[in-house]
Every structure is written in C-alpha cells, then in structure tokens.
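Throughout, numbering of the chain's residues begins at 1 and tracks the sequence.
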Amino acid sequence: MVSLKREKEVDLDDDDNEDGVAAKVGRGHAVEDRRSRHCPYLDTINRSVLDFDFEKLCSISLSHINVYACLICGKYFQGRGLKSHAYTHSVQFTHHVFLNLHTLKFYCLPDNYEIIDSSLEDITYVLKPTFTKQHIAGLDKQGKLYRAYDGTTYLPGIVGLNNIKANDYANVVLQAFSNVPPLRNYFLEEENYRGIRRPPGDIMFLLVQRFGELMRKLWNPRNFKAHVSPHEMLQAVVLCSKKNFQITKQGDAVDFMTWFLNALHGALGGTKKKPSIITKAFQGCMRIFSKKLPHPDLPPEEKEALLTTDEYQEQMSESSFLFLTLDLPTAPLYKDEKEQLIIPQVPLFNILAKFNGSTEKEYKTYKENFLKRFQLTKLPPYLIFCIKRFTKNNFFVEKNPTIVNFPITNVDLREYLTEEAQATEKNTTYDLIANVVHDGKPTEGAYRIHVLHHGTGKWYEMQDLQVTDILPQMITLSEAYIQIWKRQESNDGRNNHMGI
C-alpha cells in the first residue's frame with residue numbers, strides 16, 4: 001500500500017513538473033526545487049507583525065527545538081513535518097511562508113519546499129543583524145536618520161527599550177553601556193567573543209550572547225520598528241542572577257550595574273589578573289589609607305595608649321575599581337520660612353573631594369571603626385560615577401534629593417591623582433556621555449537616561465519607549481544617579497559637543 005501511494009505521489013509530481021519543476025533525485029542528493037524561486041505566496045508576508053525580540057519558543061508546545069516563525073501572523077511554531085504544529089497551522093489558516101529561526105532558511109508549507117528569494121534578506125537581517133568593520137568604524141562619525149518599516153524615523157543606538165513591567169532599572173544601564181564605543185564595538189562583532197571557552201554547564205556565557213544580540217538590535221539601521229524589547233536579555237539576567245534581578249519587581253540600577261559588569265567580566269574569561277573589554281574600558285586604580293579607631297566608650301588614657309600600637313597605625317593598600325561612589329551631604333530635615341523644603345545643591349567637585357588624598361571619612365563596621373582616605377593612581381578611558389542617593393536603615397529606604405551641579409564637558413581630575421600618577425597620566429579631562437536619573441520615591445519611582453549621540457553631538461532623553469532630544473542645560477537639573485564620563489583624547493579638547 002505504502003509503495004503504491006509513493007508511486008502515485010511521484011506520478012502527481014511528474015504531472016506538476018511539466019512546467020519545469022525539478023523533483024528531488026536520489027537519497028541525500030537533492031536538486032533545487034524549481035518552485036523555490038517562484039513561490040506564489042511571497043506577497044502574503046506581513047512584515048508589520050514580525051517581532052523577533054521575544055524568546056524563540058513554539059507557541060503551542062513551548063519547545064525551543066526546531067522553531068519556525070509564520071511570516072503572515074508572526075507566531076512561532078515547532079517543526080515542519082506532517083503532524084507538526086507549523087504544518088497544522090499552515091493548513092488550518094492557509095499561512096504558507098515560514099522562517100526557521102535557527103538556520104535562517106525560508107520554507108513553504110504544506111508543500112514543504114525551501115524558498116530562495118533575495119527580497120527576504122531584510123527579514124533575516126532583522127532577525128540576525130551583522131556589522132562589518134567599516135560600518136562599526138563609521139558609527140560615531142555620522143548622524144543619519146533611518147526610517148523603520150512602520151514609518152517612524154530613528155537614530156541607531158538611540159532607540160527605546162520596552163518596559164515589560166518594572167525593568168526600567170535594567171533598561172537604563174543597558175542603554176548606557178550600548179553607547180560606550182569600545183564596549184559597543186566589541187559586542188557588535190560576534191567573532192570577538194564566539195571563541196571564548198567556558199566550563200561545561202556554565203550558564204553565564206548566555207549573558208554575553210544575549211547582550212551581543214541586544215546591542216546589534218539597538219544599532220540595527222534596518223529595523224522594522226523604532227524600539228526594541230529586551231525580553232531575551234532580561235530572561236538571561238533573571239536566570240544568571242538566580243532571580244536577584246527580576247522583570248516584575250523594581251530594582252536598584254547601581255546594584256544591577258555592579259552585578260552586570262562583574263558577571264560580564266567573568267563570562268568573558270576575565271579574572272583579577274586577566275583583563276577583559278570591561279576592565280579595559282572602566283577599570284582604574286586607587287590608593288586606600290585606613291586607620292583603625294579605638295572604641296569611643298574607652299577612657300582617654302586607654303585610647304592614647306592604643307593609638308601608639310601598630311594595630312592603630314595608618315595602613316596603605318592598592319585597589320582597583322570599576323566605578324567611584326560619591327557621597328552626598330545629608331539633606332536638611334526642616335522647612336524654611338516659606339514652609340517649603342529647600343532642595344539642596346552641591347557642586348560635583350565638593351563630592352569628588354573624597355578622592356583628594358586628604359579628606360578623611362569614618363566607616364563603621366559591626367565591631368570596629370576605621371578612618372579612611374582615598375587617592376586615585378590610574379584613571380580609566382571611561383569613568384563611572386555612582387552618586388549615593390539611597391540609605392537603608394532597619395525600617396525603610398530614604399532618598400537624598402540633593403541636586404549635583406556638574407559641567408557636561410572638561411571635568412579635570414588631575415588634582416585627585418597621586419604625584420607619580422600626575423606625571424604619567426597625559427589626559428585627565430573628561431566629558432559626560434551618559435547620565436542615569438531616578439525620579440520619585442526610593443522603593444518605587446522610575447528611571448530615565450540622558451545619552452550623547454556621538455555622530456550628531458546632540459543629547460537625547462530616553463524613558464522606556466519614549467525618545468526625545470533635550471537641551472544639555474536641562475541635564476544638570478536632574479537627580480543624577482549614575483554617570484559615565486569619557487576621557488578626552490589629546491585632540492578632543494576643542495570638540496565641545498554641548499555648545500556651552
């Protein structure tokens with residue numbers, strides 16, 4: 001019976017082949033099906049419903065294996081065999097064109113032949129964007145607007161990220177790092193990290209892959225829409241952080257950034273001695289002078305006696321850092337005469353004095369008290385400041401609303417370096433390239449980010465999917481939380497992006 005059926009099928013195929021359609025010949029050696037170049041269903045493809053930002057799962061079986069996207073309705077289905085979900089969908093809804101999300105090949109179902117057509121290349125590029133070295137080298141030199149398929153215009157890199165529920169704290173950090181040129185250039189080329197060997201069963205490398213995919217989507221000049229959903233990236237974050245950072249619960253941007261930088265550094269094969277792109281971009285060094293203090297309840301004679309012992313002498317240690325934490329002065333508790341709370345302001349250089357080598361600050365641990373002072377010995381190409389706005393006590397989290405007054409360009413940090421470092425460091429002047437802001441209450445609130453587009457020299461504000469241009473003078477009025485500064489190259493001093 002089976003052989004008879006097969007003979008009938010061959011006969012039917014032969015009838016169809018009169019107009020020049022080649023049948024498959026032999027086992028394992030297939031001649032290209034002539035229908036591949038003349039598929040009649042290509043005009044049914046609906047590009048406006050295609051969205052490849054979400055996890056590649058079959059919408060029925062929830063399997064990752066052999067998943068196809070229906071190019072007519074945008075849904076994902078498994079397989080293309082006779083009883084598979086994709087085959088059933090094609091027959092039930094007469095949707096015929098499918099894309100294998102792994103091999104990037106197009107198929108016509110239920111006829112089950114591969115479609116070969118150059119007009120479909122824009123779809124594969126949206127699914128898997130690729131960048132040449134020439135394209136990457138020119139990203140910071142041009143400010144050309146691109147038009148998405150849905151008609152909206154956008155600048156690659158200045159693209160909104162979808163806030164799925166309460167993940168804006170992660171979105172602003174991802175957007176800030178996507179605008180740090182060396183980090184961006186490294187992740188835009190998959191070859192840079194594809195060959196990194198990881199131990200078997202290591203899930204942390206998933207973070208690198210997903211961050212690379214997100215970076216390429218953010219900088220894709222041929223997007224179908226002018227925003228990106230970080231769904232797969234955030235799922236990797238939830239998995240790799242063991243649910244410390246979640247999509248559905250608001251988190252702290254500094255906590256996330258700290259974990260993310262260290263996790264990326266480790267996943268890229270970096271250690272304390274072995275560098276990675278993270279440490280090359282952000283790592284600096286400092287000298288820490290710490291002195292142990294006697295217990296305050298001791299009598300004065302005992303304190304004086306203790307201060308002469310070796311244990312209570314000043315100790316010096318060298319340490320590396322990926323970002324510097326700046327402490328704000330305490331906010332006023334009382335209202336002024338007009339019954340209004342004054343929003344205090346502080347210049348950036350006042351809070352930077354922590355690193356001048358002479359300002360001492362007391363640090364309390366459970367048992368002991370220390371007096372510490374800091375001095376920088378090496379400045380990184382990109383310097384991250386975290387302005388400490390939140391303090392936690394046993395009962396609740398408090399937010400310090402103090403506004404930091406900072407210039408946007410030409411911040412010189414030479415005075416915070418040791419004398420030896422001042423002689424060796426040529427460029428110590430920095431310009432702001434990203435500014436993360438927290439608005440609202442400490443445990444809730446919302447995050448937004450200001451980013452400098454290097455090609456146009458303009459500043460943009462991004463909050464979730466909203467992207468607006470902003471005057472640089474407005475940036476200094478915000479409650480800055482995280483800032484990324486770029487060191488000026490020797491010929492950059494005259495490049496004033498801000499017009500201030």
May I ask you to decide if [Y]'s main-chain N or O and [X]'s side chain share a donor-acceptor pair within less than 3.5 Å?
{"X": "Asn369", "Y": "Leu293", "value": "no"}
{"X": "Lys128", "Y": "Leu104", "value": "no"}
{"X": "Gln375", "Y": "Arg287", "value": "no"}
{"X": "Arg373", "Y": "Gly357", "value": "yes"}
{"X": "Gln313", "Y": "Thr309", "value": "yes"}
{"X": "Asp168", "Y": "Tyr447", "value": "yes"}
{"X": "Glu55", "Y": "Leu57", "value": "no"}

Nearest non-hydrogen partners of [X] and [Y], listed with the distance:
{"X": "Val159", "Y": "Ala226", "answer": "CG1-O, 3.5 Å"}
{"X": "Gly270", "Y": "Ser276", "answer": "CA-CB, 4.4 Å"}
{"X": "Lys392", "Y": "Val397", "answer": "CG-CG2, 3.8 Å"}
{"X": "Leu379", "Y": "Tyr430", "answer": "CB-OH, 3.2 Å"}
{"X": "Arg448", "Y": "Val172", "answer": "C-CG1, 3.8 Å"}
{"X": "Asn220", "Y": "Tyr154", "answer": "O-OH, 2.7 Å"}

Any side-chain heavy-atom pair of [X] and [Y] under 4.5 Å:
{"X": "Trp219", "Y": "Pro129", "answer": "no"}
{"X": "Leu139", "Y": "His454", "answer": "no"}
{"X": "Gln283", "Y": "His265", "answer": "no"}
{"X": "Ser241", "Y": "Phe256", "answer": "no"}
{"X": "Val404", "Y": "Arg389", "answer": "yes"}
{"X": "Ile403", "Y": "Thr476", "answer": "no"}
{"X": "Leu183", "Y": "Ile278", "answer": "yes"}
{"X": "Leu50", "Y": "Val126", "answer": "no"}

Candidate pair Asn162 and Val228, rule side chain to side chain contact (heavy atoms under 4.5 Å, CB included), full reasoning: CA-CA 6 Å; Asn162 189 16; Val228 173; over 6 Å; no
Phe260-Phe211 aromatic ring centre distance below 6.0 Å: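 Phe260 vs Phe211: aromatic centres under 6.0 Å.
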Near-ring test Tyr481/Phe390, centroid separation under 6.0 angstrom: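 Yes, the ring centres sit under 6.0 Å apart.
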Does atom [atom1] of [X] have more than 12 heavy-atom neighbours, drawn from other residues, nucleotides or ligands, at distances under 6.0 Å?
{"X": "Glu318", "atom1": "CD", "result": "yes"}
{"X": "His102", "atom1": "NE2", "result": "no"}
{"X": "Gln466", "atom1": "CD", "result": "no"}
{"X": "Lys378", "atom1": "NZ", "result": "yes"}
{"X": "Ile65", "atom1": "CD1", "result": "no"}

By ring pair (Phe, Tyr, Trp, His ring centres under 6.0 Å) - contacts of Phe54 (at least two apart):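 His231.
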Criterion side chain to side chain contact (heavy atoms under 4.5 Å, CB included) against Phe245, the qualifying member of Asn167, Leu234, Val238, Asp255: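 Among the candidates, only Asp255 passes.
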Quick one: pull up [atom1] in [X] and [atom2] in [Y] and give me the separation to the nearest 0.5 Å.
{"X": "Ser178", "Y": "Ile158", "atom1": "OG", "atom2": "CD1", "value": "7.5 Å"}
{"X": "Tyr146", "Y": "Thr153", "atom1": "OH", "atom2": "OG1", "value": "13.0 Å"}
{"X": "His295", "Y": "Glu368", "atom1": "NE2", "atom2": "CD", "value": "10.5 Å"}
{"X": "Arg198", "Y": "Leu268", "atom1": "CZ", "atom2": "CG", "value": "8.0 Å"}
{"X": "Asp140", "Y": "Asn179", "atom1": "CG", "atom2": "CG", "value": "9.0 Å"}
{"X": "Leu264", "Y": "Ile277", "atom1": "CG", "atom2": "CD1", "value": "11.0 Å"}

Regarding [X] and [Y], is there a side-chain donor-to-acceptor distance under 3.5 Å anywhere?
{"X": "Asn427", "Y": "Glu489", "value": "no"}
{"X": "Asn435", "Y": "His450", "value": "yes"}
{"X": "Glu479", "Y": "Asn400", "value": "no"}
{"X": "Thr428", "Y": "Asp412", "value": "yes"}

Check against side chain to side chain contact (heavy atoms under 4.5 Å, CB included), Thr443 and Gln250: CA-CA 8 Å; Thr443 47; Gln250 183 68 287; over 6 Å; no
So [X] and [Y], would you call those rings parallel, tilted or perpendicular, with 30° and 60° as cut-offs?
{"X": "Phe177", "Y": "Phe282", "answer": "tilted"}
{"X": "Phe187", "Y": "Tyr193", "answer": "tilted"}
{"X": "Tyr149", "Y": "Phe224", "answer": "tilted"}

From CA spacing to verdict: side chain to side chain contact (heavy atoms under 4.5 Å, CB included), His227, Val467: CA-CA 9 Å; His227 62 266; Val467 179; over 6 Å; no
cation_pi(Arg222, Tyr125) dist<6.0 Å, angle<=45: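 Flagged: Arg222 positioned over aromatic ring of Tyr125.
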Lys361 to Tyr363 six-membered ring, cation-pi geometry met (6.0 Å, 45°):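 Positive - Lys361 is close enough to the ring of Tyr363 and near enough to its axis.
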CA sep, side-chain torsions, deciding dist, call: Gln463, Asn163, side chain to side chain donor-acceptor pair (under 3.5 Å): CA-CA 9 Å; Gln463 183 165 12; Asn163 187 358; over 6 Å; no
Test side chain to side chain contact (heavy atoms under 4.5 Å, CB included) applied to Glu425 and Leu413, step by step: CA-CA 11 Å; Glu425 294 269 350; Leu413 302 177; over 6 Å; no
Single hit among Arg210, Arg216, Lys217, Gln209 for side chain to side chain donor-acceptor pair (under 3.5 Å) with Glu213: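 That would be Arg210.
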Please table the atom pairs, donor to acceptor, closer than 3.5 Å between any side-chain atom in residues 344-354 and protein atoms at least two apart or in another chain.
unit_1	atom_1	unit_2	atom_2	d
Gln345	OE1	Asn405	ND2	3.0
Lys354	NZ	Thr325	O	2.9
Lys354	NZ	Asp327	OD2	3.3

